[in-house]
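Shown next, in structure tokens, is the structure this report addresses.
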Amino acid sequence: MLSRLHRKAEALDGACLRALGHPHDHAVRQELLSALEWDDSYHPEHARPQIRNLFREVYDHSAKLSQHIQSDASHLASDSIASLRKSLGSLTHVLAMRHKDPPKG
């Protein structure tokens, strides 16, 4: 499940980058809106608290960005994209490192 979340976060980051590069392209904007949708299957309920907290941060930034895009608040969207990408970077880093943690015991 966490690898699926990792792929989703990376895909969302890619959509954010495309939106930054093409801020007035309707198709790119629709792609980003679609990528911002999270269903319940992505929620890492049984993951470490750090992952759950970072997921919540990403989820909250995603919702805020979606609202800005839908309300045509383009002056807020680029700041929201930057905040989301920062959270996504933290989440993907922690997800990538989860296999490198030394065994406990």
Side-chain angles (χ1 to χ4, degrees):
M1 182 201 55
L2 292 179
S3 60
R4 189 169 159 254
L5 175 59
H6 193 195
R7 288 190 305 273
K8 167 74 173 175
E10 288 177 332
L12 178 54
D13 189 50
C16 286
L17 284 173
R18 284 186 290 286
L20 286 172
H22 304 282
H24 304 293
D25 186 316
H26 181 72
V28 172
R29 188 173 95 172
Q30 291 304 314
E31 175 194 356
L32 179 55
L33 279 172
S34 178
L36 289 168
E37 294 176 7
W38 293 91
D39 63 52
D40 291 339
S41 69
Y42 287 105
H43 194 282
E45 295 174 17
H46 302 294
R48 294 189 323 231
Q50 182 183 23
I51 292 172
R52 290 194 314 265
N53 291 337
L54 288 169
F55 174 81
R56 175 54 55 194
E57 190 176 306
V58 165
Y59 184 88
D60 291 345
H61 284 298
S62 295
K64 187 179 204 179
L65 176 56
S66 182
Q67 289 174 342
H68 290 159
I69 292 170
Q70 291 175 6
S71 67
D72 283 330
S74 58
H75 62 288
L76 299 173
S78 62
D79 289 342
S80 293
I81 289 173
S83 296
L84 175 58
R85 290 197 67 233
K86 183 177 178 185
S87 296
L88 284 167
S90 297
L91 178 61
T92 56
H93 176 76
V94 169
L95 289 170
M97 298 304 291
R98 74 185 187 278
H99 295 299
K100 297 180 183 187
D101 290 342
K104 295 178 182 170

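Heavy atoms only: backbone and side chains are in, while hydrogens, waters and symmetry mates are out. Source: prediction; values computed, not measured.
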Could you give me the CA-CA distance, side-chain angles and deciding distance for His61 and Ser83, then say whether side chain to side chain donor-acceptor pair (under 3.5 Å) is met?
CA-CA 7 Å; His61 284 298; Ser83 296; 4.6 Å; no
Salt-bridge test for Arg29 and Asp25: reply yes if a basic N is under 4.0 Å from a carboxylate O, no otherwise.
no
According to a 4.5 Å side-chain heavy-atom criterion applied to Ile, Leu, Val, Met, Phe, Trp and Tyr, with indirect links allowed, do Val28 and Leu84 form part of one hydrophobic cluster?
no
Does one side chain, of Ser66 or Gln70, offer a donor that lies under 3.5 Å from an acceptor on the other?
yes
Check whether any side-chain heavy atom of Ser90 sits under 4.5 Å from a side-chain heavy atom of Glu57, and report yes or no.
no
So if you build clusters from Ile, Leu, Val, Met, Phe, Trp, Tyr with side-chain heavy-atom gaps below 4.5 Å, do Leu32 and Trp38 land together?
yes
Working note: Arg56 + His43, criterion side-chain contact (heavy atoms from CB on, under 4.5 Å); need CA distance, chi angles, decisive distance, verdict.
CA-CA 8 Å; Arg56 175 54 55 194; His43 194 282; 4.0 Å; yes
Got a second to check how far Cys16's SG is from Leu88's CG, nearest 0.5 Å?
6.0 Å
I need the minimum non-hydrogen distance between Ala35 and Lys8, along with the two atoms involved.
O-NZ, 2.8 Å
Between atom CZ of Arg85 and atom CG of Leu65, what is the distance when rounded to the nearest 0.5 Å?
12.0 Å
To the nearest 0.5 Å, what is the distance between CG (Leu91) and CD1 (Ile51)?
7.5 Å
Do the side chains of Arg18 and Asp13 get close enough for a salt bridge, i.e. N-O under 4.0 angstrom?
no
Once rounded to the nearest 0.5 Å, what's the spacing between atom CD of Glu37 and atom OH of Tyr42?
10.5 Å
State whether the side chain of Lys64 and the backbone N or O of Ala77 hold a donor-acceptor pair below 3.5 Å, judged by distance alone.
no
Least distance between heavy atoms, Leu20 atom then Pro23 atom:
O-CD, 3.6 Å
To the nearest 0.5 Å, atom CG of Leu54 lies from atom NE2 of His93 at 10.0 Å
Within one Ile-Leu-Val-Met-Phe-Trp-Tyr cluster: Ile69 and Leu76, side-chain cutoff 4.5 Å
no
Distance in Å, His68 NE2 paired with Leu36 CG, rounded so as to fall on 0.5 Å steps
12.0 Å
Whether the side chain of Ser34 engages the backbone of Gln30 through a donor-acceptor N/O pair (distance < 3.5 Å, no angle test) should be reported.
no
Working for side-chain contact (heavy atoms from CB on, under 4.5 Å), residues Ile81 and Leu17
CA-CA 8 Å; Ile81 289 173; Leu17 284 173; over 6 Å; no
